[in-house]
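These notes are about the structure you will find just below.
In what follows, every chain begins at residue 1, and chains take the letters A, B, ... in the order their sequences are listed.
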2 protein chains.
Amino acid sequence: MRGIDVPTVREIPPFTEMSDACFEEVLQMAYLQRFPPQVQLITEGDPADFLHIVIEGTVELFGTSNGRETTMAVLRPPSTFILAAVLKDAVYLMSARTIDRARVLMIPAENVRHAMEEDPAFARAMVMELASGFRSVVKTLKEQKLRTGVERLANYLIRAHDQTGSDGQVELTEDKRTLAAVLGMTPENLSRAFATLRAYGVEVHGSTINLTKMDDLIHLAQPTPLIDHRSI
Amino acid sequence: MRGIDVPTVREIPPFTEMSDACFEEVLQMAYLQRFPPQVQLITEGDPADFLHIVIEGTVELFGTSNGRETTMAVLRPPSTFILAAVLKDAVYLMSARTIDRARVLMIPAENVRHAMEEDPAFARAMVMELASGFRSVVKTLKEQKLRTGVERLANYLIRAHDQTGSDGQVELTEDKRTLAAVLGMTPENLSRAFATLRAYGVEVHGSTINLTKMDDLIHLAQPTPLIDHRSI
DNA sequence: CGAGCCATTGACAGAGGTCAAGGCGTGTGG
DNA sequence: CCACACGCCTTGACCTCTGTCAATGGCTCG
């Protein structure tokens, strides 16, 4: 293994319950690499040679077709990505690039598949990871098809609010350009969506957002655990 | 097992490589049920008690929120659905209803998870199924976000054409109302999309479609294996 | 033959993208 | 210290895509 802080990696979900022998073997051929912002890590259509795990920083998954581009997900640690492609020994369906400076652990696909054969606990963890990923994409698709842009923004703010202080204030963790991509709209449209939400007590001061009429906002957003509850 | 034609079930992908003992045990508690058209099989938000496998007929997965509804997928045999919810012992994220008359095999979630622990071949088949499902949803999301309605229809016709005779003729396997749902648009919009495609050699005669200018149609549709290739 | 469903078409409205212009803050260089 | 340039965000005008509502025509089935 190259450049790896072993104890840190050992605490990341897919590895916590792994046998020592398999852990050793998997890390044997793995890389831990640092990347500057805006570096493309993988390209859709390429064979899936490595399983990727975000250890630090932020990574964006995106898709392209017909000259258009769309953000599929934004990942923060600890997140595994392109697991399905690795298991099926297929090509990547999405591309990935860093947003922040980031550290990414890369494990050869071969070793991942082998470790799953050998170590039932690791296999179970990977299956759970895959199932969670599946459900995430389903929620994203539901959100995309069932909500307007304004509603997606409102629900995003409510989620961010619940996950942090819940004190009526939200600090955006990404610039608005990126937030627009996450929410599946253009930056211009995001500005308009914020303007629309002013009537629902959403006050924008740079990257700080105050929510002064939570009841009104929730009434507009209609959050549901079947879309908004991350990790269910 | 109740009402099950054992040899038939044995030939369905997840069961082909299963050990006899596990196969017996799984089927022990399973139901094979017949349903008339338009019957709701599962409801989003309910706990995932059974893994479902479509043996015959057509099943639609759909999602609801805020009084709106959207089709997530249309399944034909042999298709497993809601596998992720079963593995995570979570609630359904989608609802399901029959379109046709259908036969569905239902296996208690408990037994599925137990069989995966006991039978590595079955576990592997289930993981492959889950990974394939994941990639399907990703493709659906990409198609939804990157293509207009007209483009989605054009690509659907090209896929249908390639999968059947490839003789310039396509026979629609569902009524247009359902096709519109599959493509994520209203029936009115589907009609207009067909009208738009007339200029690209698409001639509609009831449920028979003639494609007389494949080159033009392909040029418009810009198909890509990373969205359109089913089972990659 | 009539009821009812489906598909089609037209008119309209809303959501969202594109293009262009301008404001504001930050940082750099004179 | 100020001037300028650059990037990001915002705003306005406009257009496309899509959904909604309503009316019509065709088909099937009782």
Let's see if you get this right: which residues in residues 177-187 of chain B place a heavy atom under 4.0 Å from DNA chain C? B/Arg177
For A/Glu188 and B/Arg192, take the nucleotide of DNA chain C holding the closest heavy atom to each; which residue's nucleotide lies nearer the 5' end? B/Arg192
With a 4.0 Å cut-off, would you call B/Lys213 and B/Glu203 a salt bridge? no
Do the side chain of A/Thr98 and the main chain of A/Val39 share a donor and acceptor less than 3.5 angstrom apart? yes
Sub-3.5 Å donor-acceptor pair from the side chain of A/Ser95 to the main-chain atoms of A/Glu44, do we have one? yes
Give a yes or no on whether a salt bridge exists between A/Arg68 and B/Glu151, defined as a side-chain N under 4.0 angstrom from a carboxylate O. yes
Just one of A/Thr164, A/Asn210, A/Thr208 clears the side-chain hydrogen bond (donor to acceptor under 3.5 Å, both in side chains) bar with A/Gln169, so which one? A/Asn210
Is the NZ or CZ atom of A/Arg101 positioned over A/Phe35's six-membered ring, under 6.0 angstrom from the centre and within 45° of the axis? no
Value in whole Å for how far the P atom of C/dC24 lies from NZ of A/Lys176: 14 Å
Where along residues 58-75 of chain B does a heavy atom come under 4.0 Å from DNA chain D, residue by residue in number order? none
Need two values: the first and the last nucleotide of DNA chain D, 5' to 3', having an atom under 4.0 Å from any heavy-atom of chain A. D/dC9 to D/dA13
Going by an N to O cut-off under 4.0 Å, is there a salt bridge joining B/Glu69 and A/Lys145? no
Salt bridge (Lys or Arg N to Asp or Glu O under 4.0 Å) partner of B/Asp228, chosen from B/Arg152, B/Arg147, B/Lys142: B/Arg147
Integer-rounded Å distance: C/dT8 P and B/Asp175 CG: 11 Å
Ignoring backbone atoms, establish whether A/Asn189 has a side-chain N or O less than 4.0 Å from OP1 or OP2 of C/dG16. no
Give me the ring orientation class for A/Phe81 and A/His52: parallel if the planes are under 30° apart, tilted from 30 to 60°, perpendicular past 60°. tilted
On a heavy-atom basis, which atom in B/Val150 and which in B/Leu197 lie closest, and how many Å separate them? CG1-CD2, 3.7 Å
